[in-house]
Amino acid sequence: METILQRFDIRENNSGVSTGAQWLKATGAALAVDSPVDGKHIANVTTADRANYDAVVSQAEKAFQEWRQWPAPRRGEVVRQMGQALRDNKEALGRLVSYEMGKSLQEGYGEVQEMIDICDFAVGLSRQLHGLTMHSERPGHRMYEQWHPLGIVGIISAFNFPVAVWSWNSMLAWVCGDVCIWKPSEKTPLTAIACQRITAQVFAANGVPEGVSCLVAGERNVGEWMANDARVPLVSATGSTRMGKSVGAAVGARLGRALLELGGNNAIIISKDADLDMSLIGCVFGAVGTAGQRCTSTRRLIIHDSVYDAFRDKLVKAYAQLRIGDPLDENNHVGPLIDKAAVSQYLQSIEQCKAQGGRFIVEGGVLEGKGYESGCYVKPAIAEVENSFPIVQHETFAPILYLIRYKSMEEAIALQNGVPQGLSSAIMTLNLREAEQFLSAGGSDCGIANVNIGTSGAEIGGAFGGEKETGGGRESGSDAWRAYMRRQTNTINFSTKLPLAQGIKFDL
Ligand code: UN1
């Protein structure tokens, strides 16, 4: 890890405030970063205070004046080089993600791969920021729309995807002509510093103005400054529903734009016509991958009565084979939770589940002893529950899987939709009618609905996000770029008269 820290110039004490090549003297509180993998202290990061934050916003505003004038394909060329730099750093950055955050090495690499993929996507997009043309109702008139950059995009990201979610936002924002200010999770500021170093090198080689990529490490208050700041037209926030409600309310009160990607409570329906062996992989990876800390993690299985016992037995067998331990060791399936606060939330949820009538068929618990010194390793657990239990309605960011029984497809869909969140959903079935019913307007109410694929691991090419308490925002692929731009409708009169629309006569 030493050589990786050196590669990204991460020292014992680091500033968490940067406008690109420049690192400001941060004068906020210091964050101590400990790895959940082995509990060891990695480094300290000094956060932004209000003066630091204001200095960064001023620099970003200046940078925007210039950056917005660059042709979009030229901005795309810079992002193409970002993709190359991330390829060159995939191994090192993936490892650092794994060590700072605790996800498996495979998933750490996978996360950097998502960054590379969004770079490629954004490069193509830089030549496709298309608007429409319309036929005017007036003679000698032309109408069309064009898309302009917004300005500063504030990016608030979560610990669980500490670098990929930033890249989904920033790569699109940059080709669109926006400048970005990133507030990473206070739990994972080191990977953010690493990304800022990679970006600074690419930007310097291309003469990108200082301030196009900014970093402001900090706690909640930094997010609140952004949310209340009229100089930040768009705040894109990923994290808990609680955080999203407060960001959304603050941004809404000033009529700014918020792009929210919040909690999920994702279910997979296991139909009577499911391929059970194939389903098992999707369900187990969905529930225990990233130690259940994805917003897309599978939290509920809604299983048809006729296959319930058989599938439950397969799950119990599969869970018995899970290897929990150091995520940097590729033999392990499950790494630690992010910190001890997450462990106590996991334990509390298990207690609440039991108190509400849940029956654990795979018991949870905290692992102790050699290799588990950080105190963050927990056992993935499975409980049989009712969907209506308050704990089942709530997103616990941990590997606790709830099993629910159903008899009819209508009932299964109602159960799937019967939670406050609406991010991801899936059905395992070989029955065309059931699959289409699940995908129809009366089917899943989520932003993502899959057939014979689990709830997690979405590709960047699709729009990513969900409904209800998930916040309604869409990031990454499809036409999510529009959220980072403002639309302008232009009408041009090339005739010798000035006719008014709607046939109105106004002669002088
Ligand atoms: C998240 O957990 O916030 O679909 C993002 C997935 C990943 C992204 C998850 N591509 O599971």
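For clarity, every value in this text was computed on a predicted model and none was experimentally measured. For the numbers below, each heavy atom of this structure counts, side chains included, while hydrogens, waters and symmetry mates do not. Read the numbers this way: they start at 1 and go in the same order the structure lists the ligands and their atoms.
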Heavy atoms only: which of G110, A158, C295 lies closest to atom 2 (O) of ligand 1? C295
Between the side chains of T455 and T298, is a donor N or O closer than 3.5 angstrom to an acceptor N or O? yes
From E261 CD over to T296 OG1, what is the distance, rounded to the nearest 0.5 angstrom? 8.5 Å
Atom 6 (C) of ligand 1 sits nearest the protein heavy atom G457 N, 3.1 Å
Among side-chain atoms of Q421 and T470, is any donor-acceptor pair under 3.5 angstrom? no
Contacting atoms of ligand 1, where contact means under 4.0 angstrom from a heavy atom of R294: 2 (O), 6 (C), 7 (C), 11 (O)
What distance do I400 atom CD1 and R300 atom CZ have between them, rounded to the nearest 0.5 Å? 14.5 Å
N or O contact, S456 vs ligand 1, cut-off under 3.5 Å: no
Classify the ring geometry between Y53 and W225 as parallel (under 30°), tilted (30 to 60°) or perpendicular (over 60°). tilted
Is the contact between E261 and ligand 1 made by the side chain, the backbone, both, or neither, using heavy atoms and a 4.0 Å cut-off? side chain
Does T296, backbone or side chain, put an N or O under 3.5 Å from an N or O of ligand 1? yes
May I ask you to list the atoms of ligand 1 that are less than 4.0 angstrom from any heavy atom of N160? 1 (C), 2 (O), 3 (O)
Option from Y484, F203, W168 for which ring pair (Phe, Tyr, Trp, His ring centres under 6.0 Å) with W174 holds: F203
Got the closest protein heavy atom to atom 9 (C) of ligand 1, with its distance? F161 CE1, 3.5 Å
Using a strict cut-off of 4.0 Å, indicate which atoms of ligand 1 neighbour a heavy atom of F464. 4 (O), 5 (C), 9 (C)
Please write down residue, atom name and distance for the protein heavy atom closest to atom 4 (O) of ligand 1. A458 N, 2.7 Å
Quick one: nearest non-hydrogen protein atom to atom 7 (C) of ligand 1, plus distance? E114 OE2, 3.5 Å
Within this structure, what is the CZ-CE distance for the pair F161 and M115, rounded to the nearest 0.5 Å? 12.0 Å
Got a sec: does the CZ of R87 have more than 12 other heavy atoms crowding it under 6.0 Å? yes
If you measure from each heavy atom of W168 to ligand 1, is any distance below 4.0 Å? yes
